[in-house]
Every structure is written in structure tokens, then in C-alpha cells.
Amino acid sequence: MGKDTGFLEYKRKNNTDVPPAERIKNFDEFHKPLDTEKRREQASRCMNCGVPFCQSAMNLGGMVTGCPLHNLIPEWNDELYRGHDEHSFARLHKTSNFPEFTGRVCPALCEKACMCGQYGDAVTVHDNELYLVETAYEKGYIKPFIPQIRSGKTVAVVGSGPAGLAVADELNHRGHKVEVFEREDEIGGLLMYGIPNMKLDKRVIRRRRKLMEEEGVVFHTGVNVGKDKKAFDVLGSFDAVVLCCGAKKERPLAVADPAKVKGVYNAVDFLTSTTKALMDSGDTTTAALTEHGGYIDAAGKNVVIVGGGDTGNDCIGTVIRHGAKTVTALEMMPKPPVERAANNPWPEWPKVLKTDYGHEEAIHVFGSDPRVFETTVKSIETDKKGALKQIETVKVTFKDGKLVEVAGTEKKIKCDLLLIAAGFIGCEDYTADEFSLKKTQRGTVLTPEGSYHVEGTKIFSAGDMRRGQSLVVWAIAEGRACAKEVDEYLMGYTN
Ligand SMILES: Cc1cc2nc3c(=O)[nH]c(=O)nc-3n(C[C@H](O)[C@H](O)[C@H](O)COP(=O)(O)OP(=O)(O)OC[C@H]3O[C@@H](n4cnc5c(N)ncnc54)[C@H](O)[C@@H]3O)c2cc1C
Ligand code: SF4
């Protein structure tokens with residue numbers, strides 16, 4: 001245990017945020033770290049309780065609480081408190097390949113199950129993790145780990161999101177020769193083209209790529225497997241093939257098809273266009289982005305975002321930085337309570353209202369929360385040129401488990417940019433078809449329960465492609481578990 005009385009002496013202190021008025025002028029990360037002394041105080045709040053739920057990943061009430069990577073949180077908090085940063089990082093790195101990603105974007109399932117959080121505020125596990133990994137990079141504790149002996153086995157990983165990267169990292173460290181095929185011009189999957197720069201600076205992904213390349217992983221970008229490269233070619237050239245292609249098939253909005261209506265876009269395409277323009281311009285200020293152009297621009301527009309969640313919130317933050325005139329975010333679900341309901345006790349995942357950075361920024365700019373709950377789009381109106389002009393919304397409610405419209409609640413809203421962030425319905429068909437894979441009812445790749453191996457083949461699958469759209473931490477956890485199975489398949493045993 002760190003400091004016996006740490007949790008009594010020190011209050012929780014988060015990394016400080018740049019105020020909305022300042023941060024919306026650019027696309028930079030805006031959480032500023034605490035100084036080292038304060039960070040150690042925060043680590044000392046960890047009680048090292050006998051049963052650390054924080055590292056458990058228990059399924060309670062149908063939702064997981066606690067870290068899916070089973071990070072050894074009390075151990076590294078203790079070392080961090082004592083000033084042993086290098087050892088603390090080594091304990092973190094033992095279970096987590098990329099703490100620089102989760103330390104930025106993970107919703108901290110660990111903190112929801114932290115014992116300190118039962119009656120007070122949880123330990124700042126997520127911020128402590130980020131401090132450790134950034135300190136490790138800065139102080140040179142992270143060095144290329146090049147296996148001394150190579151197994152002679154070869155593995156192709158298709159898709160370079162967090163799942164594919166975790167598979168590649170693990171199998172390369174086990175001595176196998178790993179090549180990663182990615183259809184985009186950059187690696188990272190949704191970390192790169194999805195999650196905006198203010199949540200995850202893209203230099204962080206390039207830094208990891210450089211390290212993995214030094215360690216021996218080969219990346220082939222701009223290669224779309226199934227189109228540029230055929231399945232038989234990949235299957236014939238490698239001892240095992242791991243598909244980590246994500247679950248990017250968007251849930252369509254019946255009344256507005258991006259292919260047919262000008263002004264309607266899928267959220268990920270919208271977010272990607274901004275990230276690409278920012279990277280091309282080499283400058284993260286809003287002014288530089290505007291000058292560079294070449295992206296889907298929300299400036300001066302009445303924007304409606306359909307769907308909440310991380311994607312919807314990221315769209316809000318992005319359109320505000322563009323200079324949108326108005327922003328409305330439609331959510332079909334009812335507004336959750338501010339505090340845990342009696343039937344949702346600690347340490348269950350808290351089903352409470354989350355006011356994220358985009359919502360905060362909207363409240364600052366427009367004076368009110370942009371979210372409208374229990375509402376969806378009923379119809380849209382376009383002008384003579386087919387460009388979006390207005391939408392009609394309607395209230396919805398659940399009746400006998402079915403979503404139904406509430407008659408007489410229709411409303412018209414001006415809208416010239418409609419972003420669909422309504423979730424995803426599985427992996428894209430062409431890769432699964434190319435490898436003749438069976439799919440589940442949820443549109444994900446079918447593997448036997450608890451396994452990543454497609455039966456009777458040399459094909460494996462992990463991450464959102466197998467699990468369905470989820471979280472970065474789950475993608476990494478799946479990638480690690482899948483790599484273990486691939487290793488066993490290749491070698492007959494695994495360590
Ligand atoms: C906008 C947005 C914001 C999000 N924010 C968060 C967040 O804050 N925190 C969080 O934990 N999670 C967040 N998520 C979810 C998280 O990003 C995903 O769960 C995670 O990235 C899944 O990882 P993956 O490796 O399985 O797939 P992906 O990240 O989707 O990567 C799949 C990769 O495969 C490539 N690919 C696909 N098919 C082929 C092919 N045939 N050939 C070659 N390459 C191919 C794709 O180009 C892509 O690079 C967010 C998701 C979105 C959409
Ligand atoms: S990966 Fe996420 S859940 Fe796990 S310790 Fe880090 S912040 Fe917590």
C-alpha cells in the first residue's frame with residue numbers, strides 16, 4: 001500500500017483542462033498534466049484494497065466494470081507514489097501494450113470499480129497511467145525490444161487499429177515475423193481516423209509506429225486486402241493471418257442517405273476529413289485548418305448530429321472548432337440520471353449522464369447543452385439543388401420493447417449539415433466475404449466462444465471485427481488474447 005492515509009489526506013485532482021474558450025481555437029490535446037509531486041499524492045490515494053475490483057473486468061448487470069487488460073493498478077500506483085517510475089511503468093507495461101492510447105482515450109472502466117469511489121472519489125488511475133507512459137518515453141525507459149531468436153514463422157495482420165497493433169506487437173516480441181496490411185495511408189485505425197486530434201494527438205501513433213518498426217514489425221499502408229491484394233495471396237504467403245478490420249459498417253439513417261443528399265455525412269467520414277486536412281496543413285490551429293481547406297466544413301452551418309456516444313461528442317467538439325452556427329445532438333435514449341440509481345450500485349458501470357468535452361464546449365459557446373433526448377429524425381427537406389435545408393424531428397419512446405414515435409411531437413429545425421453517428425452494425429462485408437468467413441447476427445466474424453480462431457483455417461480475428469464496435473482497451477485486450485492463441489497455433493505451446 002502506498003500511503004496508509006493517502007486517501008484521507010488528499011482529494012482527487014484530475015489533470016487540468018484548458019478552458020473551452022481557449023481550447024476551441026485549435027485541435028490540440030487540452031488535458032494538462034499535474035506536476036510530479038501532485039501526481040505522487042494522487043497515486044498515494046490508492047488503498048491497495050484486498051480485492052482490487054479496478055483490475056477485475058467483471059460483468060455485472062450486463063456491463064463490464066474494471067480494467068479489461070487486468071492492469072496491475074494497485075501495484076503500479078504504489079511504485080508511483082514511492083517515486084519508482086521506471087519499475088512502476090514496467091508493471092504497467094506487463095499487461096498493457098499501449099498505455100499512451102488508453103491513458104488518453106479510455107473511459108477508465110477501472111475507476112468506476114475503484115473502492116475509493118464507493119463513498120468518495122476514485123483514484124485517478126487513467127491520469128496516473130498517462131503520466132507513467134509519457135515519463136517512460138521522456139526518460140528513455142521505453143527502448144526497442146528486438147527478439148534475440150526468430151521462430152521462422154510468418155504472420156500477416158490485416159488492419160492496424162489498436163487490435164491489429166496489439167497482435168503485431170505481441171507476436172513480434174514472441175519472435176515471429178509480422179507484416180501489417182492497412183488500407184489507409186496511416187496506421188492506427190480509428191485512433192488515427194476517427195478519434196479527433198484533441199483527444200489523441202496523431203504524433204503519439206507515429207511515435208509508436210517508429211518503435212514497432214525498430215523492433216521489426218513491417219507496415220504496408222495503402223494496401224486494401226480483398227481489393228488490392230487477394231485473400232489467396234495472403235493465405236499462401238503467411239503461416240497465420242489475423243483479421244482486425246474493425247466494425248466500420250455504419251447504421252444507416254432511413255430518411256437520409258449520405259450518397260443521395262448533399263449535406264449528409266457519416267460521422268467517421270466527417271471526422272476523418274478534418275484529421276487529414278490538419279495533418280496535411282501541419283498546423284493544429286483552427287485558422288490554419290480554414291486556410292488549408294479540403295475538408296467537410298461546418299463553419300456557419302446549422303448542424304444536427306444524430307446519435308450520442310463518443311462519436312457524437314467528437315462531432316460536437318469538431319464542428320464547434322470549425323465555427324458552426326448552431327449544434328443540436330439528437331439521442332433516442334432517455335436522459336440518464338445524474339447520480340447512480342438505486343438499482344445500479346457501485347461497482348457496476350454507472351449508467352449516469354456523462355457531460356463530455358464537446359458538450360462542455362457547446363454549453364460555453366451556445367449557452368445550453370446541445371443534447372435533445374428521446375428524439376430522432378422523421379424526415380428531411382432539401383432545396384431545388386438537392387442540398388439539405390431543414391429536418392423534422394419527432395419524440396420517441398419504448399413501448400413493449402419497441403421504439404415508437406409520439407404523435408404530435410414533430411418539430412422542424414434548420415439544418416444544412418447532418419452527421420450520422422448512430423453506431424455501427426458490424427464489419428464491412430468485402431473482407432469477410434473475401435476470406436469466406438461466417439458472420440454472427442451482429443455482423444461480426446464468427447469464432448467459437450472464447451476463441452479468436454476461425455475453425456479449420458489459419459485465420460484469426462480480433463477487436464471490433466469480432467467483438468462489435470467497442471473500446472480501445474477492449475481492442476488491445478482482444479489483440480493480446482488472440483496473439484496468444486496464434487502463438488500456440490504456430491508453436492504448439494505458448495508462454
Ligand atoms: C469517432 C469515434 C470515437 C471513438 N472514441 C473512443 C474513445 O474515446 N475511447 C475508446 O476507448 N474508444 C473509442 N472509440 C472506439 C474505438 O476507436 C474502437 O473500438 C477501436 O478503435 C477498435 O479497434 P480495432 O483495431 O478493432 O478496429 P479499428 O480501429 O476500426 O481499425 C481497423 C483497421 O482496419 C483497416 N482495414 C479494414 N479493412 C481492411 C482491409 N480489407 N485491408 C486493409 N485494412 C483494412 C481499417 O482501415 C482500420 O485502420 C471511438 C470510435 C469512433 C468511431
Ligand atoms: S486501460 Fe482503461 S480501464 Fe485499464 S487501467 Fe487504463 S484507464 Fe483504467
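In each ligand, atom 1 is the first atom listed, and ligand 1 is the first ligand listed. Both backbone and side-chain heavy atoms feed into the values below; hydrogens, waters and symmetry mates do not.
In this pair, Phe145 and His173 present their aromatic rings perpendicular. The plane angle is above 60°, beyond the 30 to 60° band. Classified by interplanar angle (parallel below 30°, tilted 30° to 60°, perpendicular above 60°), the ring pair Phe27/His322 is tilted.
Under a cutoff of 6.0 Å and an axis angle of 45°, Arg208 and Phe98 do not form a cation-pi pair. A cation-pi arrangement is not found for Arg251 relative to Phe424, the charged atom failing to lie both closer than 6.0 Å to the ring centre and inside a 45° cone about the ring normal.
At least one heavy atom of Val158 sits less than 4.0 Å from an atom of ligand 1. For Lys199, the closest heavy-atom approach to ligand 1 falls below 4.0 Å. For the ligand labelled ligand 1, residue Trp474 lies outside the 4.0 Å heavy-atom shell. By the 4.0 Å heavy-atom criterion, Gly226 is excluded from the residues contacting ligand 1.
Distances below 4.0 Å separate heavy atoms of Val223 from the following atoms of ligand 1: 42 (N), 43 (C). Below 4.0 Å from some heavy atom of Phe181 lie the following atoms of ligand 1, by number and element: 43 (C), 44 (N). Per-residue contacts place Leu271 under 4.0 angstrom from the following atoms of ligand 1 (heavy atoms of the residue considered): 1 (C). Here is the list of ligand 1 atoms found below 4.0 Å of a heavy atom in Thr311: 1 (C), 2 (C), 52 (C), 53 (C). Residue-ligand proximity, Ala475 to ligand 1, at heavy-atom distances under 4.0 Å covers atoms 22 (C), 23 (O). Interface of Gly246 with ligand 1, defined as ligand atoms under 4.0 Å from a residue heavy atom, comprises 27 (O), 30 (O), 32 (C). Close contacts of ligand 1 with Gly189, meaning ligand atoms under 4.0 Å from a residue heavy atom, involve 29 (O), 31 (O), 48 (C), 49 (O). Near Gln469, meaning under 4.0 Å from any of its heavy atoms, are these atoms of ligand 1: 15 (C), 18 (C), 19 (O), 51 (C).
Nearest protein heavy-atom contact of atom 4 (C) of ligand 1 is Ile195 CG1, 3.5 Å. The closest protein non-hydrogen atom to atom 29 (O) of ligand 1 is Leu190 N, 2.9 Å. At the top of the distance list for atom 8 (Fe) of ligand 2, counting protein heavy atoms only, stands Cys110 SG, 2.2 Å. In terms of protein heavy atoms, atom 42 (N) of ligand 1 is closest to Val225 N, 2.9 Å.
Nearest-heavy-atom check against atom 34 (O) of ligand 1 across Gly159, Gly164, Ala163, Ala432 picks out Gly159. For the residues Ala231, Gly309, Ser470, Ser160, the heavy atom positioned nearest atom 14 (N) of ligand 1 is part of Ser470. Relative to atom 38 (N) of ligand 1, the option among Pro196, Ala166, Cys245 with the closest non-hydrogen atom is Cys245.
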Determine, step by step, whether Trp76 and Phe89 satisfy the ring-ring contact (aromatic ring centres under 6.0 Å, His included) criterion, reporting the C-alpha distance in whole Å, the side-chain angles of both residues, the deciding distance to 0.1 Å, and the verdict.
-> CA-CA 7 Å; Trp76 46 259; Phe89 175 72; 9.8 Å; no

Let me see the working for Asn26 and Thr284 under side chain to side chain donor-acceptor pair (under 3.5 Å), right down to the final yes or no.
-> CA-CA 6 Å; Asn26 58 55; Thr284 50; 5.7 Å; no

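Sorting the N, O or S atoms of Glu129 by how far they are from atom 6 (Fe) of ligand 2 puts OE1 first.
Checking only distances, Val472 does come within under 3.5 Å of ligand 1, N or O to N or O. Polar contact check, Pro162 against ligand 1: a nitrogen or oxygen pair lies under 3.5 Å apart.
With a heavy-atom cut-off of 4.0 Å, Asp314 touches ligand 1 through its side chain alone. With a heavy-atom cut-off of 4.0 Å, Asp464 touches ligand 1 through backbone and side chain alike. Residue Val268 touches ligand 1 through its side chain alone, judged by heavy-atom distances below 4.0 Å. When non-hydrogen atoms are compared, ligand 2 lies under 4.0 Å from the backbone of Cys67 as well as from its side chain.
The side-chain hydrogen bond (donor to acceptor under 3.5 Å, both in side chains) test with Tyr10 singles out one residue from Arg40, Lys3, Gln42, and that residue is Lys3.
Aromatic ring centres of Tyr295 and Phe270: separated by at least 6.0 Å.
At a cut-off of 3.5 Å, with distance as the only test, a side-chain donor of Ser160 or Glu182 sits close to an acceptor on the other residue.
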